[in-house]
Structures are given as C-alpha cells and as structure tokens.
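Structure first, commentary second.
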Amino acid sequence: MVPGLEGLSVVVCLGPGGVGKTTTSAALAIALAQAGKRVVVLTIDPARRLADAMGLDDLSNEPRQLSGDWSGEVWAAMLDANATFRAVVEEHAADSTQAERIVSNRLFGDLTSSLSGTHEYMASERLHSLNRDDRFDVVVLDTPPSRHAFDFLDSPDRLVRFVDHPLYRSILAPRQGLMRMVNVAAQMVVRTIGRVVGAQLLDDVVDFFAAFEGMDEGFRTRAADVSELLASARTGYVLVTTPRVEAVEATRWIHDGLNQRSMTPALLIANRAMPQELANPGRMPAVATSAIDRNLEQLSQMASDEKEMIAELAARLELDRVVTIDDQAEPIGDLTGLSVVARSLMSD
Amino acid sequence: MAGKGGVGKTTLGATIGLSAARSGLDTILVELDGHSSLGRPFGHAQLSYDDVDLLAGQYELEGSLRGRQITPDDALVDYLASSGLDQIGSRLLRSGAVDVVSTAAPGIRDLLALGKIRQLETSGEADLIVVDAPAAGHALTFLRAATGLRSSSTSGPVRDQAEAVLEMFADESRCQVVMVTLPEETPINELVETAYDIEDEVGLKLGPVIVNGVWPEIDGLADELEALGRQTSRIGRSRELASRYRLNRCAAQQAQCGRLSEELALPQAQVPYLFRHTIDRDGLDQLSDALDQELERLGL
C-alpha cells in the first residue's frame, strides 16, 4: 500500500506545473490497484498528459478501464466540462423543456468552452458523481497546477456563496414572480453592473440563471457535499514536486494554502530527481581535468543540492512521508513505465 | 509570454525585458497575479500596481526596465475611474458584486486585465510591454476572454473593451505571443497544441519559440566514456553513470528540439541550462547574452 493513503476514498494530487503531477497521479492509481482497490483517476487539468502517460489515444468524461498487472481495477477519465454540464442539466432538470432552454442559451456554450471558472464547478460535480459511483473505491484527482488547484478546491464553496448571495437572489426575484419588495440597494447594484457589462449580457445572465429555476438548490446541495468531502478524513492530499527551487517554493505556497483550508498533506513525492547515488560519488580528484570528471562534478553537486533541498522542504512542512523518484531517462508513455514508478511509491 | 508551468516562462520574460532594455527600448514587465516572480532577479520580491524601476542603481542602459502587477480588481477600479464612474468602483468591489458577475461570466476578470494592458500599450508609455501570461492552457483561457465576451455581450463597455483588445491581438506589429518550453516531451506537446489554438482561435501572431534549459554538451565526453572500460570502484561507477546520464539527456533534448521544429514551423531560439538553482542578475545577463546571440543567428 502507498504510505499515508490507507482507507481513503479521494486522493487529491497537488503540485506546481511541470513536476509530473499527472504521471504521478496515474502511478498512484496503479499502486492503489496493486493493493486491491478499484480506482478511477480523473484529470481535471485541461491537458492531454494522462492519455499520453497511459499510452492511450484519448480519454473522455466517461471512465475507461485499463488492464494490467494488478488485483484491483484502474479506470481513467478526463474532465469534459461541457459534457458534464449537459449531463447534470439532463439529470436534474424538471423536464426536457427546461433542459433544452438551458443548453440552448447563448451563455451555455460560452460558459463551458471559453470562459474560465465553469471548469472547476464541473470538476466538483464530476467528483461528486464518481465518488458515489459503486464501481470505484477510490477517486484519484489530478488537479491543475498550483493556484488553479485552489480554484477547484474553493469552487464548491464559491458556488454555494453565489447561489446564496442576495444579489443573485434579487436578480432572479422578479422572474420568479415573487411579489415581494426587492431590495432597493441590490437593484441599484444590478443597474450599475448593467452599465458596465452591457444590458444585453446582463439580460442573458438573468435568463440563463432563471432557466435553472428549481435546480439551483440541487447545485447548492451537491457543492456543499463536495466541500464537506474535501474537508473530511476520507480525502487525502498528496504534494508532488521536483527538487528545483521554483518548484519547492511553489510547493511551500501550496502547502500554506492547504493549511489555511485546514487540510494536511498525507505524502510528499519528489519527482524527477537526479540519480540519488550521484550525491555520494566516491572520492573525486581535487581538480577535474577530464570531460568525465567535469561532468561528474557538475552532476554530483546538483544531486547533493537536490537531496538537501528535499530534506529541507520535508522538515519545513513537517512531513515525514517522503518518496523520491529518480528521473526516468525516457518519457513515460505506457503502463509498464507507470508500473515502475508505482513500485517506487509502495512502502515495503 | 506563454508556456506550461515550470518551463521558465517568467525567467525568459525577464530575460527578454532585459535584452530589450539593453538595446535601448523603454520596457515594462507585467505580471498578472501575486505569485509570479518577474521582479525577483532584479531584487524585487513583489511588484505592485504602480510600476517600479527594476534597474535603479544597477545598470547603465540606453533603455529602461520597469515592472508592475495588473490585477483584475485594480484594473476595474482604474477602468471605472477612466469612464467617469469612479465613485461606484469601490462600492462594486465592497458589495461583492464583482465576484457575483465574474462567477456568472468568469472571463470578465481576464478581460479587465487585458483591457488594462491594451490601455498601457496605447498610452505609448513604453516601447515594449512583456506580459507573463497564466501557465499552459490557462493562457488560452485568458486570451480567449475577449473573444468569448464579444460574442456574449452585444453592447456596452465590456463589448467595447473586448473589441479594442481583439483589435490589438489582430495586429502583429502591436502584439505577438512568445512561447517558452523545455526540451522535453510533455512541454513540447502542450506547446504545439496551445500554439495552434492561439493562432487559430485567438488570431494572435506567434513570435519565435524559446527552448529553455538546454544542457550544453561537453566536448570529448562520449569518447572518454568509451575509453573508460569496465568500472568496479565507486567513483568509477559514478563517472560512468554521470556520463551516461549527461549524454542521454543531451541526446534526448536535441531529439525533442528536432521534433519541435518539425511540428511547429517557427524560429527556435535555444538558451542554455545554467546549472544553478536561482537566476539572479548575473544569471539573467548570461541568459540575455545567449538569447541575443540566438536571435541574431535567426536574423530576428
């Protein structure tokens, strides 16, 4: 079993960009499956890396099962915000007329394809449904880099705040036919927004949200569920980093962000390290004259700096579960490569 | 500047800024949030909305180099003030209305920042503005905000702002995207994908691609390794391991650079890996020299 991840239903991988987070998430899924778990790994980072790492042409919103040398199961999926939004609308709309009214709104396409933010709400909806799916014991989440991961972690609460915001309520109030006095101050704010964003866009927004009539409570409830799940002991956080200054700094920043949200990482993975034995290369000549020794000098200096950097990071984060993975000469492009990484993640 | 996280996009942004200032241009470096470290090589841990002289007391250059941060909230207040609506700006922020609107139409925040950059460009305050865009796919989301909001907003200031930004995007003499990558599989794949999207969907012209962190080859290393023979001592095994690691790394990197030029017909500038953990002023000068040489070689 991977140390620190026993008994979890959600494993969230966080880390700065370019540290091999997606590959590590896939390797974690395999390691968990080798311990007998039925695992689905979901990438919510809008990049194709997961498919590449697994040697697949493509991945979609619907989990796809992979076969390999493990006693559990490994499934993989890539978040498709548009498809998820459609699925949510179709599942929860009162009838097909309401669903049609929502997906045909001009904003629907814009929201799911070109504008940021929606992606995170849909990631939260997707996590909600995969977590409840009986086919899986564990969901491994590969998040977008650094602060965008927090956009995701914060999105359920943001949605709840949005639906609860008096402004949202007052925008919709007249449409809902409530004959109550609308807050005058809120109406003024609405008019001001109209002046800035244009009355047309505001009307579209109002139409769009009005089309969700009766569904917003469902959005709210599911977002609150996910928020609760992410804060609970059923969710574990794995920090992925590389032994480089920027990555280490970004990792400390992510760790602080987790702490502010009362979340504690279970494990630190230091990926793409120089071969660790180069940190202690044996007796070096006093002056490196040959090409070989000049190179060895340079690389062993790097290897020992890296080792020190990771030890310092672990100490500062007060994490005693650290796994270092040596840099693989070749990019990982199949399940065999991933299994090699998975093995270095397992404790003895 | 666009590129996947961790490829050195920010460092190369600072490098381009320094090169430009050295060649006599008045240059502004712009970061879009508080987590960029554009100012760091110049000894400024944090940039603010008001620009600072990054080279004060450090360099004697023909041009100048300033740095600043542009956040959506600041840009909004600024924008409202310039539209004669300054009294409502802070009220909008206080009431949380901006949050509500940007939840409903999230591209608004990106558009506000883009609009501020455009205003800076039009004002003629600088000869060159270098913007450190969000990482990877988020750069695309950021750049697309104008297209998205033009189609969803048919009139009003947001529409005007979007139009003005798109006009700047469409003019390659005003605006180009420089993509940065490492000579590795994943960053290159993502670069190629993002490059096509930026060109096709946003209509921005792509400048040269910068490949960062290219390990310099060591002359004679391969021959010496071949002559080394079987090693049994600890230092002997380390020599062998380190040599192989270096040779493999260099070969793999060059193969990736070759693949990049096949897949993307853009001029490619390579800058070396410096084998140091942080890039200070001195490191930035080295990178800037290397970049100037490469751009000259490419005739740019």
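Letters A, B, ... are given to chains in the order of the sequence lines, protein chains preceding strands, and every chain is numbered from 1. For the numbers below, each heavy atom of this structure counts, side chains included, while hydrogens, waters and symmetry mates do not.
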So what's closer than 4.5 Å to chain A heavy atoms on B/Leu228: side chain, backbone, both or neither? side chain

Minimum heavy-atom distance between A/Ala291 and B/Gly220, given as atom pair plus value: CB-C, 4.1 Å

Sort B/Arg249 into side chain, backbone, both or neither according to what part of it lies under 4.5 angstrom from a heavy atom of chain A. side chain

As an exercise: rank A/Ser300, A/Gly18, A/Pro16, A/Ala247 by heavy-atom pairs under 4.5 Å with chain B and give me the winner. A/Gly18

Does any part of the side chain of B/Arg246, heavy atoms only, come nearer than 4.5 Å to the side chain of A/Gln298, both counted from C-beta? yes

Euclidean distance, A/Leu296 CG relative to B/Ile235 CD1, rounded to 0.5 Å: 5.0 Å

Say you draw a straight line from CZ of A/Arg272 to CD of B/Glu184; how long is it, rounded to the nearest 0.5 Å? 6.0 Å

Less than 4.0 Å between a side-chain N and a carboxylate O, is that true for A/Glu249 and B/Arg40? yes

Flag if over 12 foreign heavy atoms under 6.0 Å of CG, B/Asp219: no

Side-chain touch A/Gln301/B/Phe275, heavy atoms, less than 4.5 angstrom: no

In this structure, CD of A/Glu246 is separated from OG1 of B/Thr11 (nearest 0.5 Å) by 6.0 Å

Under 4.5 Å from any heavy atom of chain A, what part of B/Leu221 do you find: side chain, backbone, both or neither? both

How long is the straight-line distance from CG of A/Leu278 back to CG of B/Leu241, given to the nearest 0.5 Å? 4.5 Å

Side-chain donor or acceptor of A/Asn295 paired with backbone N/O of B/Ala242 under 3.5 Å: yes

Quick one: OG on B/Ser238 to CE on A/Met284, what's the gap to the nearest 0.5 Å? 8.5 Å

